[in-house]
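Have a look at this one.
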Amino acid sequence: MSGDHSHNDSQIDSGSRVNDSHKHKDKYKDKEHKHKDHKKDREREKSKYGNSDHKEFSEKKHREKERIKHEDVSTDRHKDKHKEKDHRKEEIKPKKEKENGFASPHRVKTEPDNDHFYHSPKSLKRQRDNDETEFKPKKIKLENDRVDKKGKKRKQDEDIKPKKTQKNKKGEVADGKKKAKKEPEEKWKWWEEERATDGSKWRFLEHKGPVMAAPYEPLPSKVRFFYDGKQMKLAPQAEEVATFFAKMLDHEYTTKDAFRKNFFKDWRKEMTSEEKSKITDLKKCNFNEMGEYFKAQSEARKAMTKDDKLKIKVENERLLQEYGFCIMDNHKERIANFRIEPPGLFRGRGDHPKMGMLKRRIRPEDIIINCSKDSKHPKPPPGTKWKELRHDNKVTWLVSWTESIQGSIKYIMLNPSSRIKGEKDWQKYETARNLKKCVDRLRNQYREDWKSKEMRIRQRAVALYFIDKLALRAGNEKEEGESADTVGCCSLRVEHINLYPEKDGQEFVVEFDFLGKDSIRYYNKVPVEKRVRTFFYTSILNKHLQELMDGLTAKVFRTYNASITLQQQLKELTSPDENLPAKILSYNRANRAVAILCNHQRAPPKTFEKSMQNLQTKIDAKKDQLSDAKRDVKICGYKKAVERLEEQLMKLEVQATDREENKQIALGTSKLNYLDPRISVAWCKKWGIPIEKIYNKTQREKFAWAIDMAEDDYEF
DNA sequence: TACGACACTTAGGACCCAACCA
DNA sequence: TGGTTGGGTCCTAAGTGTCGTA
């Protein structure tokens, strides 16, 4: 271990190790490599489909037995090691404990109830026939499909036997045409139907293929490019790439060395040999006229007449209707991204070594189409061919291609509101709920493992402890130089942590300071249990986790801890006598607690200070009005007016608090990806909050399953 | 068992547009 | 009526985790 950890030596156990350099990773690979046990995987795949149906147990309550608070003692502004984004991080992460008793990162931990609480996973088990070779929809059900009512929830053992087919089950394909028309408002409740158990993702898939990027339109001749002060006409290929740069002139990217270097290198590849011999220095290139031209175009677009704007809208709508939906297993489903990514310059995040490289244009010849054999296949644009036409129902994607920067595969897939995504999401939260029932056992075990004689085990246990306690990401290995230098729990290196036997009056403090996903800084100082002063594990934990609980991986801890924190915070923060805005503030605060835990940040809005000022002005004005009204009430008795003003003032103040607290925190990511929506739905039902106050339309579509199935007593 | 390819989820920022306000 | 604001949507990068193969 050659790493520079001398500053920590006094605290570091002789067996300890933080990944000290990429070079040393390999050393550990031999021992801690990933394991594959296919048989086990298959078994897991099977059992995964059946998790507990919470409905069955909603009567039973979990008792909170233990609450471990990990206060965040960190308030220090820290070193300017990381620039840019770091500053915003700096201000939000080391939050002091707030009035709601919440400190970042907040932990609320509960003990598992007895295992009987969770029933066998039959209830979610659904099957499709495996032997049905010809599954062709005779009737396509739109979103407004009618679903036979069979009570609110499926019963525990109702689906043990495989249903013949969806159509048989509902009897709709054969005879249900009229029914479908009768109740057009009713949405398809896929969550009341059976699931495939054979690993297939669909039985029938038909779509129109992707919308290709618009072809390049050469610049009008009046828009000139100058090299070394002299006008120069570029051939279309080089010109197109030049316009990518010109469109970004106002962006900071174009000042960065790596961006310029990568761009210039790739641009030259697109030049004719004559252009290549002339254009040898990016500094001598003048793209200003191009830049101005695009600015003017965008201004013109903004200034278009209503009519012209409407025409564009109509055309977009037409494209959406034509390409934005597919037919999957009898149902029309929305596609998430049906457009092929247009060419441009790669905008990696953080200090990305490939920023500025040319993202080349994707042609039909690069595109793989996936659909049913017996569907109407999408046609490539005239005179072209798809790279491949595939019929793989073991995957969910409709279209794929390989991008030119990292060589990774891009996909067109379905919208979050689709059955295929919803089922997976539901299952994710069920796995997290399974973790809830054994989390204490796991916690006891990793604490035991800290004492292990084997360094490997100690490292693994400490990594798990931090993944659990701090909701860190796993931190998979990455190829050096291929992307920004970011890390997660298992790829932390010595320079990312400091250990203090005592700091700010606390014993055993670990200070984390590293760039995580998207180069978002993670800064945190945490007091830890004594034994945890030392070691980190450098390789994949998931094998171990899999042994501890079926379906358990490192990221399940994030989901679990996020959801349990929301539930706990909602209980703590909601007071029955609060009015609606105050309750929503409480919800947002609970949501915020999770966002802070998961380190979800955003750049403060550019107009933040100003908009806060405006709001304050309004508040002041309202206060004046109120005191005037209070004076008048004595004379004229307009009590109602005073009450109204008080309420208005309260609303404004709540709004200001909420906005201030939210300055650098992004709530959306946790809401969309980590919080079991049934917790929010139950909370809304319990307190009579309209669900629209918590979820917008898109979110309601995504979480339709949860809105339908969760009652006010749902327990995560 | 090691590794690369692949599939899919999670993520923040850009952009658009409707509501609101002066 | 024009400008501003902020929520919602789109975009696509950047993660996690699994699978197939040698």
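No hydrogens, no waters, no symmetry mates; every other heavy atom, side chains included, goes into these values. This structure is a prediction, so every number in the text was calculated from the model and none was measured. Lettering follows sequence order; numbering is per chain, from 1.
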A:N434 and A:E430 side chains, donor-acceptor separation under 3.5 Å |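 Per modelled atom types, A:E430 and A:N434 side chains form no pair under 3.5 Å.
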May I ask you to decide whether A:K421 forms a salt bridge with A:E333, counting only side-chain N to carboxylate O separations under 4.0 Å?
-> no
Short side-chain N/O contact from A:R659 to OP1 or OP2 of C:dG6, under 4.0 Å =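 Checking A:R659 against C:dG6: at least one side-chain N or O falls below 4.0 Å of OP1 or OP2.
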Quickly work out the A:K313 NZ to B:dA18 C1' distance and round it to whole Å.
->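 Checked: the NZ to C1' distance equals 9 Å.
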Phosphate contact (B:dT9 OP1 or OP2) by A:N673 side-chain N/O below 4.0 Å |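 So the side chain of A:N673 is outside the cut-off, no N or O lying under 4.0 Å from OP1 or OP2 of B:dT9.
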Please work out if A:G488 contacts a base, only the sugar-phosphate, or nothing of the nucleic acid, heavy-atom cut-off 4.0 Å.
->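 Answer is nothing: A:G488 stays at 4.0 Å or more from every strand.
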With nearest nucleotides of DNA chain B determined for A:T669 and A:I409 from heavy-atom distances, which residue corresponds to the more 5′ nucleotide?
->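 Whichever sits nearer the 5' end wins; that is A:I409.
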Nearest to the side chain of A:M413 - B:dA11, C:dG8, B:dT9?
->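 From the listed options, B:dT9 comes nearest.
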Phosphate OP1/OP2 of B:dA11 contacted by A:Y674 side-chain N/O (<4.0 Å) =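 Checking A:Y674 against B:dA11: at least one side-chain N or O falls below 4.0 Å of OP1 or OP2.
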Going through the distances and angles, do A:N591 and A:S670 end up as a side-chain hydrogen bond (donor to acceptor under 3.5 Å, both in side chains)?
-> CA-CA 8 Å; A:N591 190 167; A:S670 49; 3.1 Å; yes
Within this structure, what is the NZ-to-P distance between A:K295 and B:dC15, rounded to whole angstrom?
->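 From A:K295 NZ to B:dC15 P: 13 Å.
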So, are A:E403 and A:K359 salt-bridged, with charged N and O less than 4.0 Å apart?
-> no
Can you check whether A:H352 has a side-chain N or O nearer than 4.0 Å to OP1 or OP2 of C:dA14?
-> yes
Would you kindly give the CH2-to-C1' distance between A:W401 and B:dC6, to the nearest whole Å?
->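 Roughly 15 Å, once rounded to whole Å.
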Has A:N476 got a side-chain N or O lying under 4.0 Å from the OP1 or OP2 atom of C:dG15?
-> no
Any A:K517 side-chain N or O less than 4.0 Å from OP1/OP2 of B:dT9 | no
Indicate, with a heavy-atom threshold strictly under 4.0 Å, whether A:P342 touches base, sugar-phosphate, or nothing.
-> sugar-phosphate
How would you label the contact of A:T486 with the nucleic acid (heavy atoms, under 4.0 Å): base, sugar-phosphate, or nothing?
->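 If one applies the 4.0 Å heavy-atom cut-off, A:T486 turns out to touch the sugar-phosphate alone, with no base involved.
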Value in whole Å for how far the C1' atom of C:dA14 lies from CZ of A:R473 |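 Result: 9 Å.
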Using a strict 4.0 Å threshold on nitrogen-to-oxygen distance, state whether A:E317 and A:K313 make a salt bridge.
->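 Looking at A:E317 and A:K313, the cut-off is not met.
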A:K555 vs C:dG17: side-chain N/O to OP1/OP2 distance below 4.0 Å = no
Distance check: side-chain N/O of A:T396 vs OP1/OP2 of B:dA7, anything under 4.0 Å?
->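 So the side chain of A:T396 is outside the cut-off, no N or O lying under 4.0 Å from OP1 or OP2 of B:dA7.
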Nearest-angstrom distance from the residue atom CG of A:L310 to C1' of B:dC17 |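 Value for this atom pair: 14 Å.
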Is A:H600 near enough to B:dA11 that one of its side-chain N or O atoms lies under 4.0 angstrom from OP1 or OP2?
-> yes
Respond yes when some side-chain nitrogen or oxygen of A:T698 is under 4.0 Å from OP1 or OP2 of C:dT9, and no when none is.
-> yes
Scan A:Y411 against the nucleic acid and name what it touches under 4.0 Å (heavy atoms): base, sugar-phosphate only, or nothing.
-> base
With heavy atoms under 4.0 Å as the rule, sort A:K697 into base, sugar-phosphate or nothing.
-> nothing
NA contact type, A:K359, heavy-atom cut-off 4.0 Å: base, sugar-phosphate, or nothing?
->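 Touches sugar-phosphate only.
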A:Q406 vs C:dA13: side-chain N/O to OP1/OP2 distance below 4.0 Å | no
Establish, with yes or no, whether the OP1 or OP2 oxygen of C:dG3 is under 4.0 angstrom from a side-chain nitrogen or oxygen of A:K302.
-> no
When rounded to whole Å, the CG to P distance for the pair A:L672 and C:dC10 reads 13 Å
If you find the nucleotide of DNA chain C closest to A:V556 and the one closest to A:I340, which residue's nucleotide is nearer the 5' end?
->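 Its nearest nucleotide being more 5', the pick is A:I340.
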Position toward the 5' end of DNA chain B (nearest nucleotide), A:T402 or A:T559 | A:T402
Between A:Y253 and A:R347, does any side-chain donor sit less than 3.5 Å from a side-chain acceptor?
->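 No.
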Name the residue closer to the 5' end of DNA chain C, choosing between A:A336 and A:A554 according to the nucleotide with the nearest heavy atom.
-> A:A336
If you check the A:A474 side chain, which of B:dG13, B:dA7, C:dT16 turns out closest?
->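 Of the options given, the side chain of A:A474 lies nearest C:dT16.
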Do any side-chain nitrogens or oxygens of A:K478 fall under 4.0 Å of OP1 or OP2 in C:dT16?
-> no
Take atom NZ of A:K543 and atom P of C:dC19, then tell me their distance rounded to the nearest Å.
->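 The answer, rounded to whole Å, is 14 Å.
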Distance, rounded to the nearest Å, where A:E479 contributes CD and B:dA5 contributes C1' | 12 Å
Does the distance from a Lys or Arg side-chain N to an Asp or Glu carboxylate O, for A:E299 and A:K295, drop under 4.0 Å?
-> no
Assign the ring pair A:F514 / A:Y522 to parallel, tilted or perpendicular, where the plane angle (0 to 90°) is split at 30° and 60°.
-> parallel
Counting just side-chain N and O atoms, does A:R334 come under 4.0 Å of either OP1 or OP2 of C:dC10?
->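 Checking A:R334 against C:dC10: at least one side-chain N or O falls below 4.0 Å of OP1 or OP2.
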